[in-house]
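Just below is one structure, and these are the notes that go with it.
What's counted below: heavy atoms across the whole structure, side chains too, no hydrogens, waters or symmetry copies.
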Amino acid sequence: MNSDHDIHGVHDTQGVHDTHGVHANRAIDAETAERAVEILESPQGTYSSLAETDSAIAPLEHVLSATPDGPLRTIILSNLGLIRMARFQLTSARTDLDSAIACLREALASREPYGSHPALSATIPNLISALHTRAEFTGEWDDLDEAIAWGREAVVRLPPELPQRAAALASLSSALRIRYERSQYAGDLTEAIDLGRQAAADLPPDHPRLGPALSNLGSALMASGLVEEAVLTYERALDRFRAAEDRGGTARTLNNLAGALTQAERYKEAFAVYEQALEEFHALGDSRGEDRVTHNLAVARERKRELIRRLARKQAQARAQLRREAEAGPVAGPEAAIGPWPEHGA
């Protein structure tokens, strides 16, 4: 599944010392335990095939079934939620999305306080993004309201120094922007921009949520009419996606940047960026993305042609006005209107 809403999980390896419990569990065979630990202790990468996601899901689910409540179970559930989301991106299957949300919700059902365990605090922005995604996918907008509620709670409860709090701000900003698009309530858009700016400022430069956070902020700025700031923000997002070698994020951001340049009537730049977006989507084998960019490029070219026609009409009107004034002759001045000043003594 590809959309302008990026799904980038927040993965945290700060709690990997808890994974020693996998090897200690006698109900888990050594090979499965080794594979599960490898997955849990590795930063979440990009899954490009169902074979990759399924080879990660199977050992984690086996280990989960033999793991009691506690930090290790929270880590496993959080990772399973992310991998299920990655599988959903490949399949667009509602069952994968529902399974991801169920895993993330169960992880957050832990009785540990917010921020007491990295996996728990990392799960919050992931659940917000998953609920947001399901709302857009199904049209069941109660999910979006729930995502916003989770976001507001996270902002209050997560310690300010945690990057997971900034990630939650970014996810909350995205959800508020989408709700604004539905309701047109200006307060949601204003809050989305404020939170997006704060998230972009607070996230570490190499954080996986920074690119999506900047991209979402650019969209919010566009909705607010702040086009030039949106262009700069999309350019920052593009730099981040490229640095992370995220071609999907790069392709979508190129499309959004070209749209902002079109809105700013910077057509030459817009056309060049649209061509880059087409190349990226083609390299990804994403025909729907190519079709979307091709349509947007055609619209941009028509807008430029309309601008040229509008300018030509104005020029023609100006020339016609000049001809009418020339044909009418000199305009009579005040003296002609009131007659000559009488001579003294007349």
Side-chain angles (χ1 to χ4, degrees), residues 1-8 46-50 85-94 97 129 132-133 135-139 174 177-178 180-182 211-312:
M1 176 186 177
N2 291 298
S3 69
D4 290 333
H5 171 53
D6 292 281
I7 306 167
H8 281 249
T46 300
Y47 292 93
S48 58
S49 70
L50 291 178
M85 284 298 293
R87 196 177 198 281
F88 167 72
Q89 288 185 295
L90 295 169
T91 65
S92 296
R94 170 74 183 266
L97 187 52
S129 292
H132 175 177
T133 300
E136 290 192 273
F137 183 72
T138 65
S174 180
R177 177 180 64 82
I178 295 300
Y180 163 77
E181 290 176 359
R182 291 184 57 248
L214 288 166
S215 182
N216 171 71
L217 175 57
S219 297
L221 292 166
M222 284 291 293
S224 192
L226 301 172
V227 178
E228 292 297 341
E229 186 180 351
V231 168
L232 296 174
T233 303
Y234 281 136
E235 288 174 342
R236 288 180 59 199
L238 186 59
D239 289 343
R240 183 61 226 144
F241 282 124
R242 283 173 167 162
E245 298 183 352
D246 182 343
R247 299 200 73 171
T250 297
R252 290 187 292 274
T253 304
L254 283 168
N255 180 57
N256 291 339
L257 172 59
L261 289 166
T262 299
Q263 194 71 22
E265 297 185 347
R266 294 162 58 176
Y267 292 107
K268 184 176 180 180
E269 295 168 84
F271 297 159
V273 174
Y274 273 132
E275 293 294 342
Q276 293 177 50
L278 279 173
E279 291 174 8
E280 288 293 332
F281 279 118
H282 181 73
L284 288 167
D286 185 345
S287 59
R288 286 189 296 177
E290 284 187 81
D291 290 344
R292 186 164 60 249
V293 175
T294 299
H295 170 76
N296 292 343
L297 178 55
V299 170
R301 285 174 171 157
E302 178 55 33
R303 286 189 60 170
K304 183 181 180 182
R305 286 192 289 267
E306 177 56 33
L307 175 63
I308 292 170
R309 288 193 292 265
R310 191 165 63 247
L311 291 174

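Closest approach of Arg292 to Phe281, counting heavy atoms only: NH2-CZ, 3.9 Å. For Met222 against Gly259, the heavy-atom pair with the smallest separation is CE-O, 4.3 Å. Heavy-atom minimum distance, Leu214 versus Ala237: CB-CB, 3.6 Å. Across Ala230 and Gly218, no two heavy atoms sit closer than the pair CB-O, 3.6 Å. The two atoms that bring Ser215 and Phe241 nearest to each other are CB-CE1, 4.3 Å, heavy atoms only. Between Thr262 and Ala300, the shortest heavy-atom contact is OG1-CB, 3.6 Å.
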(request) Before giving the answer on side-chain contact (heavy atoms from CB on, under 4.5 Å), spell out for Val299 and His295 the whole-Å C-alpha distance, their side-chain angles and the decisive distance to 0.1 Å. (result) CA-CA 6 Å; Val299 170; His295 170 76; 3.7 Å; yes

(request) Show your reasoning for whether salt bridge (Lys or Arg N to Asp or Glu O under 4.0 Å) applies to Arg301 and Glu275. (result) CA-CA 13 Å; Arg301 285 174 171 157; Glu275 293 294 342; 3.6 Å; yes

(message) Apply side-chain contact (heavy atoms from CB on, under 4.5 Å) to residues Ile178 and Glu181 and explain how you reach the verdict.
(response) CA-CA 5 Å; Ile178 295 300; Glu181 290 176 359; 3.6 Å; yes

(message) Pair Thr294, Tyr274 - check side-chain hydrogen bond (donor to acceptor under 3.5 Å, both in side chains), show working.
(response) CA-CA 8 Å; Thr294 299; Tyr274 273 132; over 6 Å; no

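No side-chain heavy atom of Lys304 sits less than 4.5 Å from a side-chain heavy atom of Lys268. With contacts defined as side-chain heavy-atom distances shorter than 4.5 Å, the pair Tyr234/Arg236 does not qualify. Inter-residue side-chain proximity for Arg266 and Glu228 is flagged as met; some heavy-atom pair is nearer than 4.5 Å. By the 4.5 Å heavy-atom criterion applied to side chains, Glu290 and Val293 are not counted as neighbours.
Note that CD of Glu245 and OG1 of Thr250 are 9.5 Å apart. Values are rounded to the nearest 0.5 Å. Rounded to the nearest 0.5 Å, atoms CD (Glu280) and CZ (Arg252) are 11.0 Å apart. To the nearest 0.5 Å, atoms CG (Leu278) and CG (Asp291) are separated by 9.5 Å. Interatomic distance, CG of Leu238 versus CD of Gln276, reported as 7.5 Å (0.5 Å rounding). Rounding to the nearest 0.5 Å places OH of Tyr180 at 11.5 Å from CZ of Arg177. Rounded to the nearest 0.5 angstrom, Leu307 CG and Glu265 CD are separated by 5.0 Å.
A search for side chain to side chain contact (heavy atoms under 4.5 Å, CB included) contacts involving Ala243 returns Arg240, not counting sequence neighbours. In this view, Arg242 satisfies the salt bridge (charged side-chain N to carboxylate O under 4.0 Å, His left out) rule with no residue, not counting sequence neighbours. With sequence neighbours left out, Arg309 forms a side chain to side chain donor-acceptor pair (under 3.5 Å) with Glu302, Glu306.
The side-chain contact (heavy atoms from CB on, under 4.5 Å) with Glu229 is formed by just one residue from the set Thr233, Val227, Val231; it is Thr233.
Formation of a donor-acceptor pair under 3.5 Å by the Ser224 side chain with backbone atoms of Ala220 is not found in this model.
When the shell of 6.0 Å around CZ of Arg247 is examined, it contains more than 12 heavy atoms from other residues, nucleotides or ligands.
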